[in-house]
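Down below is the structure, laid out as structure tokens.
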Amino acid sequence: MEGPPLKVIAERLAVFKGKKVKSASGTAKIEKEATIGKEVEGVFSRGKNLFIRFADFSFRIHFLMFGSYRINEIKSGAKARLSLAFNDGTLSFYNCPVSILRNDEIEKLYNENIDITSEKWDLEKVMELASKMRNELICDVLLDQNVFAGVGNIIKNEALFLAKVHPLSVVGKIPEEKLKEVALKAREFSLLFYEAKKKGESIDPYLKTYGEKECPACKGKVLRKRTGIRNRISFICPPCQVLYA
DNA sequence: TATAATGTTTGAAC
DNA sequence: AGTTCAAACATTAT
């Protein structure tokens with residue numbers, strides 16, 4: 001799950017703020033019991049991570065590809081990784097790694113300035129980090145959670161298409177202004193993604209290249225190819241996307 | 001029925 | 001000893 005839809009989930013789960021944990025269960029091998037009797041002080045996302053914050057530590061939950069949650073409901077045929085019971089409801093998470101982190105560690109590890117969904121997202125900071133990765137491919141840097149936190153394969157592909165940059169471009173060969181445009185398009189599409197999900201809409205109608213066979217600009221055939229160190233699918237329109245190599 | 005896909009972490013192998 | 005890479009995890013649509 002990419003950052004924007006996760007942020008929408010975090011905002012929905014904020015209804016649990018102020019509630020005290022009555023009991024905690026689940027298959028995650030962590031000290032769940034430490035939260036019993038404690039009050040949820042906040043629910044928020046940073047990149048692709050979801051946090052349920054207590055006074056001095058938080059649950060960190062990552063949905064990966066297939067994570068899900070339920071409120072006041074049990075998902076049939078699945079054991080919850082983490083289930084929190086409150087006086088007036090329950091919250092359960094499935095198919096997701098859950099860990100516990102001290103709150104000061106979270107601030108150290110997950111900087112809001114690079115979170116593509118954050119109000120505090122900072123283009124200058126992102127450019128500084130991205131520019132350092134001169135020898136890497138742009139398709140890899142966009143998926144690097146320490147540079148573009150919350151960007152996943154959908155946002156990666158859409159940003160590159162919107163900026164007209166080929167995914168196999170080498171970062172150091174991309175003109176600075178162009179690199180900035182890639183970052184800004186990733187940001188722009190992420191906000192669109194967020195707004196769509198917030199309204200309960202699918203992102204599909206907004207996709208220009210992800211999953212498409214035909215380029216909406218030149219009507220040419222979109223190439224589908226695994227790229228980069230993570231070997232993720234890239235959708236490429238060679239005539240429209242410039243290869244800086 | 002097999003495959004692929006909105007991913008990350010871990011630990012074996014080199 | 002540092003780096004690389006496959007495995008593990010697990011759901012659902014096609």
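What you see is a predicted model, and the numbers here were worked out from it, not measured in a lab. Just so we're on the same page: letters track the sequence lines, and every chain starts at 1.
- Between B/dT8, C/dA10, C/dT12, one nucleotide has an atom nearer to the side chain of A/Phe66 than all others, and that is C/dA10.
- Separating the CG atom of A/Leu64 from the C1' atom of C/dT11 is a distance of 12 Å, rounded to the nearest angstrom.
- An OP1 or OP2 oxygen of B/dG7 is reached within less than 4.0 angstrom by a side-chain nitrogen or oxygen of A/Arg232.
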(Q) For a salt bridge (charged side-chain N to carboxylate O under 4.0 Å, His left out) check, start with the C-alpha distance between A/Glu107 and A/Arg53, then their side-chain angles and the critical distance, and finish with the verdict. (A) CA-CA 12 Å; A/Glu107 295 311 318; A/Arg53 195 185 80 232; over 6 Å; no

Q: Could you please spell out the steps behind the side chain to side chain contact (heavy atoms under 4.5 Å, CB included) verdict for A/Phe235 and A/Leu160?
A: CA-CA 9 Å; A/Phe235 295 87; A/Leu160 288 171; over 6 Å; no

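- The distance between atom CE of A/Met65 and atom C1' of C/dT12, rounded to the nearest whole Å, is 12 Å.
- Residue A/Tyr206 forms a side chain to side chain donor-acceptor pair (under 3.5 Å) with just one option from A/Glu158, A/Glu195, A/Glu201, and that option is A/Glu201.
- The aromatic rings of A/Phe54 and A/Phe59 sit perpendicular to each other, their planes meeting at more than 60°, with 30° as the lower class boundary.
- Take the nearest nucleotide of DNA chain B for A/Asn49 and for A/Asp204: the residue whose nucleotide is more 5' is A/Asp204.
- Nearest nucleotide to the A/Arg226 side chain, out of B/dA5, C/dT11, B/dG7: B/dA5.
- Put simply, CG on A/Leu143 is 14 Å from P on B/dA5, counting in whole angstrom units.
- Out of C/dA10, B/dA5, B/dG7, the shortest distance to the side chain of A/Glu2 is found at B/dG7.
- Taking atom CD of A/Gln145 as the reference point, atom P of B/dT9 lies 9 Å away to the nearest angstrom.
- Across the protein-nucleic acid pair, A/Asn153 atom CG and B/dT8 atom C1' stand 14 Å apart, rounded to whole Å.
- Residue contacts for A/Lys156: at a heavy-atom cut-off of 4.0 Å it reaches no nucleic acid atom on any strand shown.
- Rounded to an integer number of Å, the gap from A/Lys213 NZ to C/dT14 P is 12 Å.
- Base pairing analysis places C/dT4 opposite B/dA12; the two distances defining the Watson-Crick or G-U wobble pair are each below 3.5 Å.
- The neighbour count for A/Arg134 CZ, taken as heavy atoms of other residues, nucleotides or ligands under 6.0 Å away, does not exceed 12.
- For B/dA4 and C/dA6, the P atoms lie 16 Å apart once the distance is rounded to whole Å.
- Here A/Ile155 lies out of heavy-atom contact (under 4.0 Å) with every strand.
- Phosphate contact (OP1/OP2 of C/dC9, side-chain N/O of A/Lys79, threshold under 4.0 Å): absent.
- Closest approach to the A/Arg81 side chain among B/dT9, B/dA5, C/dA10 is made by C/dA10 (side chain taken as heavy atoms from C-beta onward).
- If you take CZ of A/Arg60 and P of B/dG7, they are 14 Å apart, rounded to a whole angstrom.
- Atom CG of A/Asp144 and atom P of B/dT8 are 10 Å apart (whole Å).
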